[in-house]
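Input: a single structure, listed below in structure tokens.
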Amino acid sequence: MLNAINDPIVDEAIKDPGKIYDTPEEVVQDKHLNKKEKKIILESWERDQIALLNAENENMPEEPIHGRPGNPAALIQDIVEAKKHLGLI
């Protein structure tokens, strides 16, 4: 995490992106965030969805992590597209 981030909403978005944003595109469009903050939030969201997808593949009980229940693979794809839009990949 960034030590420079002192905004509680940004901190919460990093910890639980799905609690603050409905879609990765909302992160991209958030004018209150700088590019580095957007990158950290999207990467956090992606890691959590990958963990959820891996858990599902191992037949572990479905429990949404950092986001709404649904298709983690589709959300990961949306996150990748958001990162591309920001020029991060």
Side-chain angles (χ1 to χ4, degrees):
M1 304 288 171
L2 286 178
N3 293 333
I5 298 176
N6 294 320
D7 185 331
I9 294 174
V10 174
D11 289 340
E12 185 65 28
I14 291 168
K15 292 176 193 167
D16 192 353
K19 188 174 184 182
I20 306 296
Y21 300 101
D22 289 328
T23 67
E25 185 61 27
E26 287 183 7
V27 177
V28 172
Q29 298 301 322
D30 191 334
K31 295 184 185 332
H32 296 100
L33 299 174
N34 63 43
K35 189 172 182 178
K36 191 170 188 176
E37 292 166 335
K38 291 176 184 183
K39 178 180 187 253
I40 292 168
I41 291 166
L42 290 169
E43 287 176 346
S44 172
W45 208 347
E46 185 175 31
R47 274 191 309 273
D48 293 337
Q49 292 303 310
I50 289 169
L52 179 59
L53 188 60
N54 289 337
E56 287 177 358
N57 288 338
E58 294 173 5
N59 294 319
M60 295 176 72
E62 185 175 334
E63 187 173 316
I65 303 172
H66 295 271
R68 288 159 174 57
N71 183 344
L75 184 52
I76 291 167
Q77 184 132 12
D78 291 345
I79 293 166
V80 168
E81 289 302 316
K83 288 168 63 177
K84 285 181 183 176
H85 181 82
L86 291 171
L88 300 173
I89 52 176

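Quick caveat: nothing in here was measured; it's all calculated off a predicted structure.
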Item to check | Joint hydrophobic cluster, Leu86 plus Val80, side-chain heavy atoms closer than 4.5 Å | outcome: no
Checklist outcome for this item: salt bridge (charged side-chain N to carboxylate O under 4.0 Å, His left out) filter on Glu43, not counting sequence neighbours, yields Lys39
Checklist entry - Is it true that Tyr21 and Ile76 fall in one hydrophobic cluster, defined by side-chain heavy atoms closer than 4.5 Å? => result no
Checklist entry - Are Trp45 and Ile50 connected, step by step, through hydrophobic side chains (Ile, Leu, Val, Met, Phe, Trp, Tyr) whose heavy atoms are closer than 4.5 Å? => result no
Checklist entry - Roughly how far, to the nearest 0.5 Å, is the CD atom of Glu26 from the CG atom of Leu33? => result 11.5 Å
Checklist entry - Considering only heavy atoms from C-beta outward, does the side chain of Asp78 approach that of Thr23 to under 4.5 Å? => result no
Next on the checklist: Heavy-atom count check: over 12 atoms from other residues, nucleotides or ligands less than 6.0 Å from Leu88 CG?
Outcome noted: yes
Checklist entry - Considering residues at least two apart in sequence or located in another chain, which fulfil the salt bridge (charged side-chain N to carboxylate O under 4.0 Å, His left out) criterion with Lys38? => result none
Checklist entry - In this structure, which one of Ile14, Val10, Asp16 forms a side-chain contact (heavy atoms from CB on, under 4.5 Å) with Glu12? => result Asp16
Checklist entry - Just how far is it from atom CD of Glu46 to atom CD1 of Ile41, taken to the nearest 0.5 Å? => result 14.0 Å
Checklist outcome for this item: With sequence neighbours left out, the residues meeting salt bridge (charged side-chain N to carboxylate O under 4.0 Å, His left out) with Lys84 are Glu81
Checklist entry - Side-chain contact, heavy-atom cut-off 4.5 Å: Glu37 with Ile40? => result no
